[in-house]
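Report on the following structure.
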Amino acid sequence: MIGLSSYAGVMENLMNPAEEQPPSSPLTNSWSKKQEPCKNQRSKGVGGFVLVHAGAGYHSESKAKEYKHVCKRACQRAVDQLKAGALAVEAVAAALVELEDSPFTNAGMGSNLNLSGEIECDASIMDGKSLHFGAVGAISGIKNPVLVANRLLSEAQKGKLSAGRIPPCFLVGRGAHDWAVSHGIPPCPVEKMATKFSLSAYKRNKRKMELAEKMDTGHNQTKKRRQSSETENGSGCLDTVGAVVVDLEGNVAAAVSSGGLAMKHPGRVGQAAHYGCGCWAENACNMNPYSTAVSTSGCGEHLIRTMLARECSAAMQSEDAHQALLEAMQNKFISSPFLASEDRVLGGVIVLRCCRCVEAQPSQNIQGILVEFLWSHTTESMCVGYMSAQDSKAKTHISRLPPGTVPGQSLAIEGGVCRLMGVVE
């Protein structure tokens with residue numbers, strides 16, 4: 001049977017990422033790492049671990065309870081799947097459905113409306129075992145875009161289509177909607193996709209844009225429009241959702257879903273649908289000693305231009321996960337040459353990495369997985385939740401930048417450790 005899970009203390013917030021601080025290593029324990037079991041061995045029982053986020057942006061104290069509650073429900077949904085024997089990719093999809101269904105998140109139902117007053121969603125999912133990827137962009141009329149992305153992934157795993165055609169992994173717009181319906185995913189009436197929260201936000205944003213456009217013309221008009229866009233799409237609106245999961249077999253998966261920036265241009269596709277930008281998952285192999293899974297949130301254009309999900313995954317192959325993520329966020333994101341013209345670089349990530357381990361004085365048939373989980377953000381706050389299959393309930397946390405720091409120029413980083421143990425048959 002699976003044994004206990006434990007969490008390390010929360011790591012320090014980093015007020016100035018440029019100043020090196022002694023990292024708190026989450027790997028100080030009595031386990032030896034990177035020992036793979038024989039191929040014919042299998043861990044008995046069910047279990048795993050899930051880490052979710054309800055977006056990097058700004059989470060007001062008045063809505064903190066709602067954000068934490070949806071993270072708890074998403075964790076529980078994933079854990080229920082893991083306990084039922086589901087693989088990581090199935091569990092991560094289940095977590096995303098719960099996050100998309102919340103009226104408080106910018107994903108699925110209740111997403112931000114675009115300039116035309118319509119909802120267009122992006123989502124993607126990646127399976128670390130098969131390395132297959134599925135994504136949809138600017139899709140309308142589908143309640144849970146992640147289910148379409150997941151179906152694209154599973155259909156691609158079946159192999160080529162008739163006449164040797166390559167199955168799609170990324171569909172957009174009407175084509176994505178029609179493909180989803182033809183594969184048994186029910187459409188959702190457009191009027192039911194918007195909520196009173198998203199509709200009121202759209203009306204408020206539209207009034208602000210109209211006012212800004214009346215204030216000036218020519219060059220100044222363009223400047224005002226840009227400033228208005230920056231205000232509405234600042235750190236308060238970047239509440240993309242995502243999750244990363246590891247099952248007891250050590251398979252990892254990641255997923256992300258978003259309604260995109262408020263008042264975006266119709267047809268705009270954000271990082272949530274782009275390969276290597278919204279999510280990444282990769283099981284350990286000969287080249288990589290750790291399995292890694294990443295999900296991102298923030299300004300899609302910033303995350304696309306830096307391919308942050310894949311960059312963070314690659315960084316996690318270093319020995320010290322905390323230091324590696326700190327350096328990746330600083331060097332590959334905040335100080336990225338691809339974003340040199342940006343005053344504020346807004347984004348956040350959740351990261352999971354794991355390896356098979358045995359105890360220092362092991363029983364012959366006891367083996368397990370050591371899971372390190374971290375989150376980091378340059379936005380004012382980020383809401384996360386996490387849970388192992390042995391926990392009675394999920395833990396949630398709203399991480400915030402230290403007082404006096406500037407969003408988009410500073411970052412926070414936190415995390416912990418979980419041990420999953422099982423009997424090897």
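- The structure places CD1 of Ile334 at 7.5 Å from OG of Ser376, a figure rounded to the nearest 0.5 Å.
- Distance alone, capped at 3.5 Å, is enough to place a donor-acceptor pair between the His183 side chain and the Trp179 backbone.
- No donor-acceptor pair under 3.5 Å is formed between the side chain of Asp122 and the backbone N or O of Gly137.
- Taking each heavy atom of Gly347 and Ala56 in turn, the nearest pair found is C-CB, 4.2 Å.
- No side-chain donor-acceptor contact under 3.5 Å links Lys68 to the backbone of Lys395.
- For the pair Leu352 and Thr292, the minimum side-chain heavy-atom distance is 4.5 Å or more.
- Between Leu113 and Leu199 there is a side-chain heavy-atom pair separated by less than 4.5 Å.
- Cys354 and Val246 get closest at one heavy-atom pair: SG-CG2, 3.7 Å.
- Counting heavy atoms from C-beta on, the side chains of Asn150 and Leu152 never come closer than 4.5 Å.
- With hydrogens and angles ignored, the 3.5 Å screen pairs no side-chain donor or acceptor of Ser102 with any backbone N or O of Leu99.
- With values rounded to the nearest 0.5 angstrom, Ile139 atom CD1 is found 10.0 Å from Arg174 atom CZ.
- Remark: Tyr275 pairs with Phe133, Trp280 by the ring-ring contact (aromatic ring centres under 6.0 Å, His included) rule, at least two apart or across chains.
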Requested in this report: Applying side chain to side chain contact (heavy atoms under 4.5 Å, CB included), run through Val245 and Leu82 and close with a yes or a no.
Outcome: CA-CA 9 Å; Val245 170; Leu82 291 169; 4.1 Å; yes
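- Atom CD of Gln390 sits about 15.0 Å away from atom CZ of Arg419, to the nearest 0.5 Å.
- Ser124 and His274 are not linked by any side-chain donor-acceptor pair at a separation below 3.5 angstrom, with hydrogens and angles left out of the test.
- Between Thr378 atom OG1 and Gln330 atom CD the span is 10.5 Å, to the nearest 0.5 Å.
- Ser295 places no side-chain N or O within 3.5 Å of a backbone atom of Ala254 that could act as its donor or acceptor partner.
- Taking every heavy atom of both residues into account, Ala123 and Ala149 meet most closely at O-CB, 4.0 Å.
- Of the possible donor and acceptor atoms, none in the side chain of Thr396 sits under 3.5 Å from a partner among the backbone N and O of Lys72.
- Glu100 places a side-chain N or O within donor-acceptor distance of the main-chain N or O of Val146, the cut-off being under 3.5 Å.
- No side-chain N or O of His302 forms a donor-acceptor pair with one of Gln271 less than 3.5 Å apart.
- Salt bridge Lys158/Glu155: present, at least one basic N to carboxylate O contact under 4.0 Å.
- Residue Cys312 is tested with Val294, Thr306, Thr296 for a side chain to side chain contact (heavy atoms under 4.5 Å, CB included); the sole match is Val294.
- Of the N and O atoms on the side chains of Ser410 and Thr405, not one donor lies less than 3.5 Å from an acceptor on the other residue.
- Ring geometry for Tyr67 versus His59: interplanar angle over 60°, hence perpendicular rather than tilted (30 to 60°).
- Phe338 does not carry Arg305 over the face of its six-membered ring by the limits of under 6.0 Å from the centre and within 45° of the normal.
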Report task. Test side chain to side chain contact (heavy atoms under 4.5 Å, CB included) on Leu420 and Leu248 and set out the steps. Result -> CA-CA 7 Å; Leu420 304 173; Leu248 194 60; 4.1 Å; yes
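- The closest side-chain donor-acceptor pair between Ser399 and His377 falls under 3.5 angstrom.
- Checking side-chain atoms of Asn106 against main-chain N and O of Gly260 turns up a donor-acceptor pair under 3.5 Å.
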Requested in this report: Go through Gln323 and Ser318 one step at a time and tell me if the side chain to side chain contact (heavy atoms under 4.5 Å, CB included) criterion holds.
Outcome: CA-CA 9 Å; Gln323 186 66 23; Ser318 300; over 6 Å; no
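- In plain terms, the two heavy atoms of Val136 and Phe170 that are nearest each other are C-CE1, 3.9 Å.
- A donor-acceptor distance shorter than 3.5 angstrom exists from the side chain of Asp391 to the backbone of Ser388, with no hydrogens or angles considered.
- Between Gln317 and Pro289 there is a side-chain heavy-atom pair separated by less than 4.5 Å.
- For residues 267-295, the set of pairs meeting the salt bridge (Lys or Arg N to Asp or Glu O under 4.0 Å) definition, not counting sequence neighbours, comprises Arg268-Glu301.
- Two residues are said to be in side-chain contact when any heavy atoms from C-beta on lie closer than 4.5 Å; Met382 and Ile350 meet this criterion.
- Atom CG of Asp80 is separated from atom CZ of Arg73 by 13.0 Å, given to the nearest 0.5 angstrom.
- Within the 4.5 Å cutoff, side-chain heavy atoms of Phe333 are placed close to those of Leu339.
- In this structure, Leu115 and Met209 have side chains that are in contact, with non-hydrogen atoms separated by less than 4.5 Å.
- In this structure, Cys383 and Ile398 approach most closely via the heavy-atom pair SG-CG1, 3.9 Å.
- The heavy-atom pair separating Met387 from Cys75 by the smallest distance is CB-CB, 3.9 Å.
- No side-chain heavy atom of Ile119 sits less than 4.5 Å from a side-chain heavy atom of Val190.
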**Report entry** Stepwise side chain to side chain contact (heavy atoms under 4.5 Å, CB included) check, Ile413 with Leu325
**Finding:** CA-CA 8 Å; Ile413 180 169; Leu325 182 59; 3.7 Å; yes
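- Atom NE2 of His265 has 12 or fewer neighbouring heavy atoms from other residues, nucleotides or ligands inside a 6.0 Å radius.
- Salt-bridge formation is detected for the pair Asp101/Lys143: a Lys NZ or Arg NE/NH1/NH2 atom is positioned less than 4.0 Å from an Asp or Glu carboxylate oxygen.
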Report task. Decide yes or no on salt bridge (charged side-chain N to carboxylate O under 4.0 Å, His left out) for Arg400 and Glu61, but give the supporting numbers first. Result -> CA-CA 11 Å; Arg400 299 187 186 277; Glu61 293 294 344; 3.3 Å; yes
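- Atom OH of Tyr290 sits about 8.0 Å away from atom CG of Leu370, to the nearest 0.5 Å.
- Judged by distance alone, the side chain of Arg353 and the main-chain N or O of Met316 form a donor-acceptor pair under 3.5 Å.
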